[in-house]
Amino acid sequence: MSNALTPTDAAGTPARAPLQQLTGLLGQPAVRRSLPFVFLVGLVLAGFLAWSMVATSPQRILFANVSDADKAAISSALEGASIANNIDGSGSITVAEDDYHKARMLLASQGLPKAAPGGYAILDNLPMGVSRAVEGERMRQARETELARSIQEIDAIAEARVHLATPEASAFVRDRAAPSASVIVKLQPGRALGEPQIRAIVNLVASSVPGMQPDAVTIVDQMGALLSKSGGKDGTAGDTRIDFQRRVEDKYREQLAQLLTPMVGAGNFTAEVQADVDLDESQATRESYDKQGQVMRAEQGAWTGTSKDGQTPGGIPGALSNTPPPVSTLVAPNAGGAAAATATATPATPPQGKQSDSFTRTYETGKEISVTRAVPGNVRRLSVAVLLREEPGKPRGIAEINQINELVRATVGYNAQRQDQVTVVSRKFSIAADAGKTGPAWYEAEWVPMAARNATALVIALLVLLLGVRPLAKALLKKRDDATQRPALPIGSPDSQGPPVPSVSIDMLEDRGNSYDDRVGLVRGFTRENPARAALAVRDMIKADAR
């Protein structure tokens, strides 16, 4: 039953399993002799593949989101300059990192990629009959592009994008909305925008849009940090105060660095300054008057009087009514008592010619106005701490520390009335602090990736030579030596092919259980392994036959 189910070949013999067929194929002498060469070629190919994968520099995106026409033009230009390039799954063109800058300059010289029309050039492509809304959007887009190009002219900015929010004009004042703008900038590596540059960008955008105020402009960098200080006035004033105090403290630190660097060396000291700055702005107005030196400024009044006889003038004006008064009689003060009594008894009559008066007088007094304005920025209290590096086994003396203390006080303008404090201490620096000041680690240098790739490729090549080529070479040389030392066997003999014959002993030759062919093979193996003993045996046999 089992024989009936066994598959047979065309000759009627059972077909062997694929594994047995493969074993039989590998067991053939020609295939066995070629196996070392095939293994050597495989090792060389594997080493070359590993070398190409490790030694090739990583790819870097050259351009992304470009049109198909620009991709074709860029690929043709790079292939013409013998620069390898690829297109990844996202459609971006990549080149080796070592060829990145060379490819950029090459394509820039040829004007690739061809950018789409931007700025006010897009207004030239407006079709006839477009609506007012489309025309307004195109105008806004052109203005945004032009502003972005203007902002990119700043050295610290690599790329910039501008978004304008310009509401529709309304005939009603209550419905009018002020325009606003947002700017996102991508800074150059290691660069930062200063406060004057930020204000310049804000004013540039605000001045380019009618009706826009500088407070309506927002600037954000590529990390999402808000650069513009738009918003409430209180926050802006607070930031200004903090910036002013920081500048004062930085000024003192720079002075201390210039003083201590020539004396103790760079990196052998640290200085910290805490300045209590008076940032309050006060204004006072004072008025004072001089009451003693009064001067009449203006007088206004009226008075009424009578005639010489105490009667009011009357009648028709003429010569008699305009006659002068009679001559007055003078009485000496030292006259007799009767005359004095008579004069005393005579009642006093009111002065003639004036009956009443009314006057309004204005007096000018001395006036002084004094306006006092205290500008912020005065230092109310100053605290300075200086830490000096102390070398192991070389402590600093008290006299040296006191001398440095006096120099620091003179540098920062020490004032005892303000209760300033200056402290100078000498201590050993920790290893972590020293490591933090040495700069970036050595493995962050630019030459490290390239050296690592080359070293890895070299190690792979050495492993291929030592673990693959060297053992194969030894095996081939040993086999050749064995073939040269082994005596030639006749063609067709059992020992001409097949595995080596094991060592033959006398007991194996004398064993009667072996067949004739086995005994012949054993004799040949004994002769090959012991040629001297075989020659002696042959000689003894010849001598025995001669007898």
Show the numbers, then the answer: is there a side chain to side chain contact (heavy atoms under 4.5 Å, CB included) between I151 and V162?
CA-CA 9 Å; I151 295 173; V162 180; 3.9 Å; yes
Intermediate values then yes/no, side chain to side chain contact (heavy atoms under 4.5 Å, CB included), V185 and V183:
CA-CA 6 Å; V185 294; V183 182; 3.9 Å; yes
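Annotation: salt bridge (Lys or Arg N to Asp or Glu O under 4.0 Å) contacts of E159 (sequence neighbours excluded): none. Applying the side-chain contact (heavy atoms from CB on, under 4.5 Å) rule to S426 yields the partners L388, E390, R396, I401; only residues at least two apart in sequence or on another chain are considered. With sequence neighbours excluded, the residues satisfying side-chain contact (heavy atoms from CB on, under 4.5 Å) with T411 are Q255, L256, L259. Taking S180 as the reference, nothing meets the side-chain hydrogen bond (donor to acceptor under 3.5 Å, both in side chains) condition, with sequence neighbours excluded. Residues that satisfy the salt bridge (Lys or Arg N to Asp or Glu O under 4.0 Å) test with D276, not counting sequence neighbours, are R380. For D250, the salt bridge (Lys or Arg N to Asp or Glu O under 4.0 Å) partners are R253, not counting sequence neighbours. Shown here are the side-chain contact (heavy atoms from CB on, under 4.5 Å) partners of D420, two or more places apart in sequence or in another chain: R381, L382, Y414, N415, R418. Remark: E97 pairs with no residue by the salt bridge (Lys or Arg N to Asp or Glu O under 4.0 Å) rule, at least two apart or across chains. Contacts of N378 classified as side-chain hydrogen bond (donor to acceptor under 3.5 Å, both in side chains), with partners at least two apart in sequence or in another chain: none. Looking at residues two or more places apart in sequence or on another chain, you find no side-chain contact (heavy atoms from CB on, under 4.5 Å) involving Q213.
Residues D221 and A225 approach most closely at OD1-N, 2.6 Å, considering heavy atoms. Of all heavy-atom pairs spanning D155 and Q188, the tightest one is O-CG, 3.5 Å. When every heavy atom of P167 is checked against every heavy atom of A177, the shortest pair comes out as CG-O, 3.1 Å. Of all heavy-atom pairs between P179 and G211, the closest is CD-O, 3.5 Å. Among all heavy-atom pairs drawn from Y252 and V412, the shortest one is CE2-O, 3.4 Å. Nearest heavy atoms, A181 versus L164: CB-CD2, 3.5 Å.
A salt bridge is defined here as a Lys NZ or Arg NE, NH1 or NH2 lying under 4.0 Å from an Asp or Glu carboxylate O, and E135 with R138 fails to meet this definition. The residues D99 and K102 are annotated as not salt-bridged, no charged nitrogen and carboxylate oxygen being separated by less than 4.0 angstrom.
Between T166 and R140 the shortest side-chain heavy-atom distance falls below 4.5 Å. Inter-residue side-chain proximity for V422 and V386 is flagged as unmet; no heavy-atom pair is nearer than 4.5 Å. Contact annotation: the side chain of N268 never approaches that of F429 to less than 4.5 Å [non-hydrogen atoms, C-beta and beyond]. At least one side-chain heavy atom of R143 sits under 4.5 Å from a side-chain heavy atom of M139. Two residues are said to be in side-chain contact when any heavy atoms from C-beta on lie closer than 4.5 Å; V220 and L227 fail this criterion. Taking 4.5 Å as the limit, every side-chain heavy atom of I184 sits out of range of all side-chain heavy atoms of Q222. T423 places none of its side-chain heavy atoms less than 4.5 Å from the side chain of V384. You'll find the side chain of V264 stays beyond 4.5 Å of the side chain of R389, heavy atoms only.
Separating the CZ atom in F63 from the OG1 atom in T94 is a distance of 12.5 Å, to the nearest 0.5 Å. Atoms CG and NE2, from L62 and H101 in turn, are 11.0 Å apart once rounded to the nearest 0.5 Å. The line from CG of N86 to OG of S92 is 12.0 Å long, rounded to the nearest 0.5 Å. Atom CG of L407 and atom CG of L260 lie 8.0 Å apart (nearest 0.5 Å). One distance of note links CZ of R161 with CD of Q152; it measures 11.0 Å at 0.5 Å rounding.
Within a 6.0 Å sphere centred on CD of E406, other residues, nucleotides and ligands contribute more than 12 heavy atoms. Annotation for Q110: atom CD counts as buried by contact number, over 12 foreign heavy atoms lying within 6.0 Å.
Remark: side-chain polar atoms of Q245 are paired, donor with acceptor, to backbone N or O of A275 under 3.5 angstrom.
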Scan the side chains in residues 74-84 for donor-acceptor partners under 3.5 Å anywhere in the protein, sequence neighbours excluded, and list what turns up.
{"residue": "S75", "atom": "OG", "partner": "K71", "partner atom": "O", "Å": "2.9"}
{"residue": "S76", "atom": "OG", "partner": "A72", "partner atom": "O", "Å": "2.9"}

What side-chain donor-acceptor pairs closer than 3.5 Å can you find for residues 191-205, not counting sequence neighbours?
{"residue": "Q197", "atom": "OE1", "partner": "G194", "partner atom": "N", "Å": "3.1"}
{"residue": "N203", "atom": "ND2", "partner": "R199", "partner atom": "O", "Å": "3.1"}

